[in-house]
Number of protein chains: 4
Amino acid sequence: MEFQIDSNSSSPIYSQLREQFREAVARGQIEPGARMPSVRDLSRRLVVNPNTIARAYRELELEGLLLTRQGVGVFVAQPKAELTQQVREKRLVEAVDQFLTEAIHLRFSQADIAEIVAERAEGFRW
Amino acid sequence: MEFQIDSNSSSPIYSQLREQFREAVARGQIEPGARMPSVRDLSRRLVVNPNTIARAYRELELEGLLLTRQGVGVFVAQPKAELTQQVREKRLVEAVDQFLTEAIHLRFSQADIAEIVAERAEGFRW
Amino acid sequence: MEFQIDSNSSSPIYSQLREQFREAVARGQIEPGARMPSVRDLSRRLVVNPNTIARAYRELELEGLLLTRQGVGVFVAQPKAELTQQVREKRLVEAVDQFLTEAIHLRFSQADIAEIVAERAEGFRW
Amino acid sequence: MEFQIDSNSSSPIYSQLREQFREAVARGQIEPGARMPSVRDLSRRLVVNPNTIARAYRELELEGLLLTRQGVGVFVAQPKAELTQQVREKRLVEAVDQFLTEAIHLRFSQADIAEIVAERAEGFRW
DNA sequence: GTGGTCTAGACCACC
DNA sequence: GTGGTCTAGACCACG
């Protein structure tokens, strides 16, 4: 996959990488089992400190989205559902509320929201 | 209004306060013109340094949500719209995509999403 | 760039720094992408507490004129326009009226004003 | 004259009063010799602390725009030019530069500026 | 090395 | 009483 580092962003690089990966997975642009570029390789291509790449990979592994096979490489993990129903719902509610708060401050209407959600949802993999 | 500080959160205190205020406004739980607790008062109640409270208030003022009257106190501002259509749409799209990414990782369906959005939207002020 | 602190001024230090930076940008003396002196460095040179420098930088970042890359440094941002036409015009009118009020109290004629505006405008970047 | 207190402004009340008076004089809306409302009277009408009115009057008197005749009242002063040519020019240049800096950040063109200056100048008394 | 956060405490400005 | 500014200094996050 292609990572884009936005140096105009205030969010740290390791975090941008992690979020881009999460979004690419959600969009179905990355297949489970696929091999990720090595830390050193990606570090050279993006001109980023290897520690930064390693941190992004480490956090994605902790989240269960990547799998490191020692001496072999880093791979996209098979998705598995580990969270309880309760936790999943709590997190979803938090995410929705955060989104709605932002939408209201941007002065969009409830109809606008429904529309944009449906529209953008098409770019994801359900 | 009631502020809650989560000391386990990685998000800084001033930022937690700002976000809680933004959400309360979006929910219509705070009326424009209302008086906010004084910096010193809130500082004592939350057991947080006054400078930290002041920073949250100051940033909300720069954002146009609060309004300080020197020597008098801090008040909730009248809402106004200053951003261009283009910027508003860009920010909304970012917020939606972030929300949808999260929702998919939590393994909710497109139907679930539409439902939860409609459901939670009821708690906000459109 | 060279900052000058006027300790006789009633305007706070962080504000003087912010205004000087804004003017330097308007004069085209600062290129987008250029690196700003580090907080600690400027703090030493101006003999001012680092927090004060950081506050000036932070506010310029919120205004969209600077951009911080964590652990790397502070940089001059690419300019962008985010305000609505209405707000821009309102602020311009306020600025003009303030200027004209001052000019009249200084007893300059309308012709003087037109001349000085044209003259000083040459030092700026249009 | 009619004073308007903008409680949505971050500038202190005494300062708002002073600036409004200065602008009214520059617009020719106030005649030299005219009687100003008493501190107590204005204080009641504007629902403002008498100390605040007194401070505005005091600063305008220091600036030479008002004249207090003990036991009689406060009057609009005859304009007199006390500043040297050098000081007048220095202040004008500062005012112009400040205005131009703002105009550029609001992304107006040099032509826009000339136009708005001429337009707004009509409301003032030259 | 860079900036970010938070505390403690002094002093000032405003009403 | 209110908030605003500035300092000094500790500790953390980032690359």
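Each chain gets a letter, A, B and so on, in the order its sequence line appears, and its residues count up from 1.
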Checklist entry - Separation of Arg55(B) atom CZ from dG3(E) atom C1', in whole Å? => result 11 Å

Checklist outcome for this item: Result for 5'-nearest mapping on DNA chain E, choosing between Ser11(D) and Ser11(B), is Ser11(B)

Item to check | Neighbours of DNA chain F within residues 40-53 of chain B, by heavy-atom distance under 4.0 Å | outcome: Arg40(B), Asn51(B)

Checklist entry - Considering only heavy atoms from C-beta outward, does the side chain of Phe3(C) approach that of Phe21(C) to under 4.5 Å? => result yes

Item to check | salt bridge (Lys or Arg N to Asp or Glu O under 4.0 Å) partners for Glu23(A), two or more places apart | outcome: Arg27(A)

Item to check | Distance (rounded to the nearest 0.5 Å) between Glu82(B) CD and Arg88(B) CZ | outcome: 13.0 Å

Item to check | Nearest-0.5 Å distance, OG1 of residue Thr68(D) to CG of residue Leu66(D) | outcome: 7.0 Å

Checklist entry - Heavy-atom count around Arg45(D) CZ within 6.0 Å, excluding the residue itself: above 12? => result yes

Checklist entry - How long is the span from the CD1 atom in Ile5(D) to the CG atom in Leu46(D), to the nearest 0.5 Å? => result 4.5 Å

Checklist outcome for this item: The correct set of residues in residues 60-76 of chain B placing a heavy atom under 4.0 Å from DNA chain F is Thr68(B), Gln70(B), Gly71(B), Val72(B), Gly73(B), Val74(B)

Checklist entry - Does any non-hydrogen side-chain atom of Met1(D) lie less than 4.5 Å from one of Gln29(D)? => result no

Checklist entry - With a non-hydrogen cut-off below 4.0 angstrom, is Tyr57(C) in contact with a base, only sugar-phosphate, or nothing? => result nothing

Next on the checklist: Whether Tyr14(B) contacts dC6(E) is assessed here as follows: a side-chain N or O lying under 4.0 Å from the phosphate OP1 or OP2. Is that the case?
Outcome noted: no

Checklist entry - Atom CG of Asn51(D) and atom CZ of Arg58(D): how far apart are they, to the nearest 0.5 Å? => result 8.5 Å

Checklist entry - Do the side chains of Val48(C) and Tyr14(C) get nearer than 4.5 Å, heavy atoms only? => result no

Next on the checklist: Within the 4.0 Å heavy-atom criterion, would you say Arg58(B) contacts the bases, only the backbone, or no part of the nucleic acid?
Outcome noted: nothing

Checklist entry - Out of dC14(F), dT2(F), dC15(E), which has the shortest distance to the side chain of Ser38(B)? => result dT2(F)

Next on the checklist: Any non-hydrogen side-chain atom of Ser9(C) less than 4.5 Å from a side-chain atom of Gln16(C)?
Outcome noted: yes

Checklist entry - Separation of Ile13(D) atom CD1 from dG3(F) atom P, in whole Å? => result 15 Å

Checklist entry - Does the pair Glu102(A)/Arg22(B) count as a salt bridge with the N-to-O cut at 4.0 Å? => result yes

Item to check | Sequence-distant partners of Phe99(A), ring pair (Phe, Tyr, Trp, His ring centres under 6.0 Å), two or more places apart | outcome: Phe99(B)

Next on the checklist: Please report the interatomic distance NE2(His105(B)) to CG(Leu83(A)), rounded to the nearest 0.5 Å.
Outcome noted: 12.0 Å

Next on the checklist: Distance check needed: dA13(E) P versus Gln16(D) CD, whole Å only.
Outcome noted: 19 Å

Checklist entry - For DNA chain F, what residues of residues 17-24 of chain A have any heavy atom nearer than 4.0 Å? => result none

Checklist outcome for this item: In DNA chain E, consecutive runs of at least three Watson-Crick or G-U pairs below 3.5 Å, as range with range, amount to E:1-14 with F:1-14

